There are 2 protein chains.
Amino acid sequence: MTEQGATTGTWTRKISRENLSETAYQSIRTALMHARLLPGTKLRLRQLAEEFGISATPMREALIRLVQEKALHLDARGTAVVPELTLDELHEIRGIRLMLEGDCAARAAVRAGVRGATELKEIHDGIPAALAADNFAEAVNLNTAFHLSLCRLAELPITYDIIEGLWVRCGPILSHLYDDGLPPHDGEHPHLSIIQAIRHGDAERARAHLQADILRMGAGLDRFATRPS
Amino acid sequence: MTEQGATTGTWTRKISRENLSETAYQSIRTALMHARLLPGTKLRLRQLAEEFGISATPMREALIRLVQEKALHLDARGTAVVPELTLDELHEIRGIRLMLEGDCAARAAVRAGVRGATELKEIHDGIPAALAADNFAEAVNLNTAFHLSLCRLAELPITYDIIEGLWVRCGPILSHLYDDGLPPHDGEHPHLSIIQAIRHGDAERARAHLQADILRMGAGLDRFATRPS
DNA sequence: ATATGTTATTTGTTATAACAAGCAAGCCAG
DNA sequence: CTGGCTTGCTTGTTATAACAAATAACATAT
């Protein structure tokens, strides 16, 4: 038989002991983050379970987890529903992001340097390409990926989880950005300024440009939050 | 029969339908926050369910929720266990708290004013009293209550939830503070400085004193985090 | 026609049992 | 006595069914 020493590299891949609930959880979560589920959508237990081809128990677990991170909420009946975001909530999230993502940008500039900059550049380059093809959804997804990748570079796992949670919550309303494209920018695209600051290891410039980018994007979103401020 | 108009006032009270899983969830959560569960403790599904007098299903739901907010984590087998906190994690949490709680303090000073100050004073006054009675556990709980009440005064619900989540995660290691009492302070107790700043509506002074308090408490905790920094 | 009461259906909640994987104790062979 | 195997038990995972509450549909009376 083939011994372990007889081959180089890994030929075994981890058998993902695929948890049914975990899989369902990830599916719904990325659907939320990719704006494929609109605010107000009801996620019914048995119906969803059938669509996923699983039983109610693991389906319920997936929904519970999403409710816990407030990516969904339960209505009076107990049905999971994609939440609407009030203007107040949107502003509060923006405030938190300015602090936490700002911190990540600053730290990424110190820790990631050139390596991180190229990684981000690669992601960002897809945005103009997607826009040229009128593929707004893809552009928005890449924008999300850009921000999250940046935060990952900071190597602050707890901070990262918080930020990702905020993005999941905002996901459903990102679909509104499709309505009339991404907000404009004057001069160089903010992402490029961020990338350059990181490449140069300039923490404070990275923070400032990232915060400017958050505010730019936020302006485009404000109009679409539900009225009851 | 008695008509509705025949009585004055309300004689009906809302019947809160108590969820089994919700109750179990809250129980474990406050146990964690009050440092009654030590790091490394295993929470076995059936065993816990029996202790709570419920079946496995709602018990599992409670554990899942706590795992989701990282108040617990699952070992390789899938058993829920009270997590240990590494020094890195502790430091990261402190950094986040400096920002978010700092913000809450500043905003509380503006929005809560004198009203909030008296509320906080009432909580804080219990601390020297508890210490005088050698009741460290109570003193630590009051300290937690002080910080969380302060954050509630800022009326930033999303921020508050994040902060509370961090406190839950730190809960189990707070028990180490019992070992040799709360960290000392020179001069006026930091809480009193915070309260005064809030009473005067001085946002920046409130922020500064709160951050000083976080650093003071953090110093007492550093020694006890698990080694693998 | 509207309002009210009744019934049927939908939907979340909990309990229970079958299942699978891991771990430990014990047993047998060397 | 030790190594490896088997057996049984513990523990998480999933499916299913009984249950309870809310909603919707329908019928009836005013």
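In what follows, chains are A, B, ... by sequence order, proteins preceding strands, each numbered from 1. All figures in this text were calculated on a predicted structure; none of them were measured in a lab.
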### Task
Rounded to the nearest angstrom, tell me the gap between atom CZ in A:Phe52 and atom C1' in D:dT14.
16 Å
#### Entry: Donor-acceptor pair, side chain of A:Ser149 and main chain of A:Phe146, under 3.5 angstrom
no
### Task
Let me know the distance between CD1 of A:Ile64 and P of C:dG12, rounded to the nearest Å.
11 Å
### Query
Any donor-acceptor pair under 3.5 Å joining the side chain of A:Arg44 to the base of C:dG12?
no
### Query
Over how many whole Å does the gap from B:Leu20 atom CG to C:dT16 atom C1' extend?
15 Å
### Query
Just checking, is any N or O donor in the side chain of B:Tyr25 or A:Gln68 under 3.5 Å from an acceptor N or O on the other one?
yes
### Nearest-Å distance for atom pair CZ/P, residues A:Arg46 and D:dA15
14 Å
### Query
Rounded to whole angstroms, how far apart are CZ on B:Arg77 and C1' on C:dC23?
6 Å
### Query
Within the pair B:Thr79 and D:dG12, is there a side-chain N or O less than 4.0 Å away from OP1 or OP2?
yes
### Query
Which part of the nucleic acid, if any, lies within contact of B:Leu45, taking any heavy atom under 4.0 Å across all strands shown: a base, the sugar-phosphate backbone alone, or nothing?
base
### Whole-Å gap separating C1' (C:dT11) and CG (A:Asp75)
10 Å
### Plane angle bin for B:Trp167 and B:His147 - parallel if under 30°, tilted between 30 and 60°, otherwise perpendicular
tilted
### Query
Can you tell me if the side-chain N/O atoms of A:Asn19 get under 4.0 Å from OP1 or OP2 in D:dG12?
no
### Task
Please check the phosphate of C:dA15 (OP1 and OP2 only) for any side-chain N or O of B:Thr57 closer than 4.0 Å.
no
#### Entry: Length of the line joining A:Gln47:CD and C:dT9:C1', which is rounded to integer Å
15 Å
### Task
Measure the distance from CZ on B:Arg60 to C1' on C:dC19 and round it to the nearest whole Å.
13 Å
### Minimum heavy-atom distance B:Ile158-A:Glu92, with the two atoms named
N-OE2, 3.0 Å
